[in-house]
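To start, the structure itself, in structure tokens.
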Amino acid sequence: MKEILYLEIPTQDIAAVRNWLQADFEPGIGEKFLTPSGFRLRMLKNTDREVSFSEKLRNEISVFLWSVQRTTYLKAFRWADKPIPWERKILKRLTTGIRSHFPHHYPEPPAIDLSGQSIFEALATNYPLTVKYFQKMPNGEYDLQRVYWWEQRWREGVRNPQKPRQVVFSHQGSVGSVGSKEDISPTYDLIYIGGALGVIHAAVMAKRGYRVLLVERLLFGRMNREWNISRDEIQCLVNLGLLTPAEVESVIAREYKDGFNKFCDANVPNHLKAPILHTPTVLNLGLDSEKLLQLLGQKLQAAGGEIWDETEFIRADIYSTQIIIKVKHLPSKMDKQVSGRLLVDAMGTASPVAWQLNGGRAFDSVCPTVGAVIERGFEPGVWNSEYGDVLNSHGDISRGRQLIWELFPGANEELTIYLFHYHEVNPENPGSLLEMYEDFFTILPEYRRCDLDQLVWKKPTFGYIPGHFSIGSSDRTIAFDRLIAIGDAASLQSPLVFTGFGSLVRNLERLTTLLDTALKHDLLNKRHLNRIRAFQSNIAVTWMFSKGMMVPTGKFIPPQRINSMLNNFFGLLVDEPLKVADDFIKDRFDWLTFNRLAMKAASKNPLLLVWIWELAGASDLLRWLWNYVDFSRHALVSTVLKGWFSHFLRQIQPWLEPRYPALWLRLLVISYALITSQARYQQHVVATRSQESGVRSQESGVGS
């Protein structure tokens, strides 16, 4: 037998496909025999003589259907090794008919009115399993409203990028010159909007002596995502003096022994199949995120900072000497106004500020992510909590998406499970959290054996994690006068595992030191602030990797294609020393490593470039070539400068910084850009903190 056709049919209604296949499809030749899951097509010879059973088999095609991941799949086999007459014509007619009758469909969430019904009643028809299991969660009604709100906000931003809702307004002159009686000094140095990733940055800046206000739309400490990280990454918070080693241990819910990376290879060519990739030091700390947030909130307040929670950002007015923020306290419906030297946007993908600043190109890609924290309920033996699933797929492309699972153990019997996919930002198909949740509750038992009704649900985890295909270090606008974005709002994440939390923590010393320098010298216009970013040329060049995991909207590709590419690359990492995989996933790889792995991948699979071309297109390939040139240029410059440049800057800092602060900031940005290895980076953090402590002790009035 030989497989001659494999199709993904983007519908869960396998009965409708089977009915069309058996009743409506006319192959135009041969004799069709119905089977429980499809049909057999026999090509009888034009002869009166009887033929043997084996001769009949050689002229027969078998077509059958099956369903997994809320998707229907079709395969066709022939018994003979060689093509039979009219085979190509029959398969083309079958494929064309399937595509015509079952095209891609991107459902819209219904418009709802919660004045006369609950969110459960409003969504029960469209998303029955989602409603059923959110009702079992402690704050399920509130959280499902949050899912719906986030999806609607995301869709609005994707579909109206050229006319984003204006929330930032620029004014000439000072406050007093445009109508106020006097120009009052700003109350705060820094105002953060967004309390998840925002509080990490805010707490560091408050400890540096700045007057900080944190504004959070939810109750502070509530999280709709869990956080995982590694020990060497979370050490950054200790090096910065934000947490003590004991406090780090207190927020670790679970440290597992190993993490697995495995992708479905049932339909992958044999030479590309890969064993499990073990990554024991990747995302192997499961944090108690709410406990960590509360601890950081206490650190912020102990350093003089304030937190306004249940408060929504409305607009920002920028003047020459300050920025004025209008917010609304949601429980009381009271409007408030507050002023600061600088606004920090940490609102994530839903940020109206990010959409306004970047117009039609706020984000190039996104990972719609859903999941849940499950307190208990899995049968013994289903999963060992000493281990995590870093990246896993149990099927091929499903309704135009390659679904990927993550599983991280938490405290006691808790498991945090995510389902996500890499997705291009497209107005016709923005990406749906609600559709993903219906997938999640339907196919979780396919991924990990369980009875959903026996599971104890603690809380949902969800969000849109954005990505930006950077052409260079300044092609995305992350700042305006007296305004800067961090975290997901600035598309700060890893292109492979899309960990915005990990990326922010890894770059926290870099971002806070640069912002500290800008604040000390009042370098708060957009030209200077746009330089305060965590751009890495090596990350930019790996965007093609994530691009190769996105199915273009409306396009059909072989269902096993993305799993084949993932098996191809992760199979190479299996054969490498553990440090290579660790560095690659944590964005530390260098030019030589990247080129060596790329050459090995191409030699193992010569079709790889063709596959990427089909998925990415000529335009993105050309953009990638520019990234690669920039990556190579950066590698050359880094080789020349990295041994002495940073040390030289520290020597001339006392003379250069007071006289030419803008130049000092520019050179400091370059110095950080040269640091690509985490080992050197950790040493750099310790060295610079000790040196800066001496410099800061001589300064007075910082943040005043």
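- A side-chain N or O of Thr593 and one of Asp590 form a donor-acceptor pair less than 3.5 Å apart.
- No donor-acceptor distance shorter than 3.5 angstrom exists from the side chain of Ser230 to the backbone of Leu283, with no hydrogens or angles considered.
- Under the 30°/60° scheme for interplanar angles, the aromatic rings of Tyr387 and Phe260 are found to lie parallel.
- Residue-environment remark: CD (Glu249) exceeds the threshold of 12 foreign heavy atoms within 6.0 Å.
- How far OG1 of Thr416 is from CZ of Phe408: 8.5 Å, rounded to the nearest 0.5 Å.
- Across every non-hydrogen atom of Ser564 and Val268, the tightest pair is OG-CG2, 3.7 Å.
- Atom CG of Asn384 sits about 7.5 Å away from atom NZ of Lys257, to the nearest 0.5 Å.
- Smallest separation of non-hydrogen atoms from Gly388 and Pro409: CA-CD, 4.0 Å.
- Aromatic rings of Phe462 and Phe440 (six-membered ring for Trp) have centroids beyond the 6.0 Å cut-off, not under it.
- Atom NZ of Lys273 has more than 12 neighbouring heavy atoms from other residues, nucleotides or ligands inside a 6.0 Å radius.
- The backbone N or O of Asp258 sits nowhere less than 3.5 Å from a side-chain atom of Asn284 that would complete a donor-acceptor pair.
- A side-chain donor-acceptor contact under 3.5 Å links Glu509 and Thr513.
- Using modelled atom types, no side-chain atom of Lys207 and backbone atom of Leu242 make a donor-acceptor pair closer than 3.5 Å.
- Salt bridge Lys600/Asp575: absent, no basic N to carboxylate O contact under 4.0 Å.
- The backbone N or O of Phe378 lies less than 3.5 Å from no partner atom in the side chain of Arg449, so there is not a single donor-acceptor pair.
- The shortest side-chain heavy-atom distance between Cys450 and Leu444 falls under the 4.5 Å cut-off.
- In this pair, Trp227 and Phe501 present their aromatic rings parallel. The plane angle is below 30°, not in the 30 to 60° band.
- Aromatic ring orientation, Tyr464 versus Trp150: perpendicular (interplanar angle above 60°, classes split at 30° and 60°).
- No donor-acceptor distance shorter than 3.5 angstrom exists from the side chain of His421 to the backbone of Gly400, with no hydrogens or angles considered.
- Aromatic ring orientation, Phe631 versus Phe589: perpendicular (interplanar angle above 60°, classes split at 30° and 60°).
- Side-chain contact between Phe645 and Val640 is absent, with no heavy atoms from C-beta onward closer than 4.5 Å.
- In Lys604, the NZ atom is crowded: over 12 heavy atoms of neighbouring residues, nucleotides or ligands sit closer than 6.0 Å.
- Looking only at side-chain heavy atoms (C-beta outward), Val158 and Asn426 stay at 4.5 Å or farther from each other.
- Contact record, Ser671 with Leu649: CB-CD1, 3.7 Å, taken as the closest heavy-atom pair.
- Annotation: side chain of Leu292 is in contact with side chain of Leu243 (closest heavy-atom distance under 4.5 Å).
- Between the side chain of Ser393 and the backbone N or O of Cys264, at least one donor-acceptor pair lies under 3.5 Å.
- Looking at Glu424 and Lys555, no side-chain N of the basic residue comes within less than 4.0 Å of a carboxylate O on the acidic one, giving no salt bridge.
- Gln402 places a side-chain N or O within donor-acceptor distance of the main-chain N or O of Gly395, the cut-off being under 3.5 Å.
- Residue Tyr6 qualifies as enclosed at atom OH: its count of foreign heavy atoms under 6.0 Å is above 12.
- Looking at Ile443 and Val68, their side chains never come closer than 4.5 Å, going by heavy atoms from C-beta outward.
- Salt bridge absent: Glu435 and Arg401 never bring a charged side-chain N and a carboxylate O closer than 4.0 Å.
- Side-chain atoms of Thr281 and Asp232 form no donor-acceptor pair, as typed in the model, at a separation below 3.5 Å.
- The backbone N or O of Leu578 lies less than 3.5 Å from no partner atom in the side chain of Asp582, so there is not a single donor-acceptor pair.
- A donor-acceptor contact shorter than 3.5 Å links the side chain of His634 to the backbone of Ala673.
- Within the model, atoms CG of Leu608 and CG of Leu272 stand 9.0 Å from one another, a figure rounded to the nearest 0.5 Å.
- In this structure, Asn605 and Met565 have side chains that are not in contact, with every pair of non-hydrogen atoms separated by 4.5 Å or more.
- A donor-acceptor pair is defined here as one N or O able to donate and one able to accept, closer than 3.5 Å; such a pair exists between the side chain of Lys262 and the backbone of Ala274.
- Side chains of Tyr418 and Asp389: a donor-acceptor N/O pair is absent below 3.5 angstrom, by distance only.
- A distance of 10.0 Å separates CD1 of Ile486 from OG1 of Thr512, quoted to the nearest 0.5 Å.
- Between Tyr447 and Glu406 the shortest heavy-atom distance is OH-C, 4.3 Å.
- Scanning both residues, Val574 and Ile276, for their nearest heavy atoms gives CG2-O, 3.8 Å.
- Only one option out of His394, Arg70, Gln69 pairs with Glu446 in a side-chain hydrogen bond (donor to acceptor under 3.5 Å, both in side chains); it is His394.
- Electrostatic pairing of Arg231 and Glu255 counts as a salt bridge here, judged by a charged N lying under 4.0 Å from a carboxylate O.
- Side-chain contact between Leu515 and Met205 is present, with heavy atoms from C-beta onward closer than 4.5 Å.
- Val390 has its side chain out of reach of Leu277: every pair of non-hydrogen atoms, C-beta onward, lies at least 4.5 Å apart.
- The minimum heavy-atom distance between Glu8 and Pro559, with the atom names listed, is N-CG, 3.4 Å.
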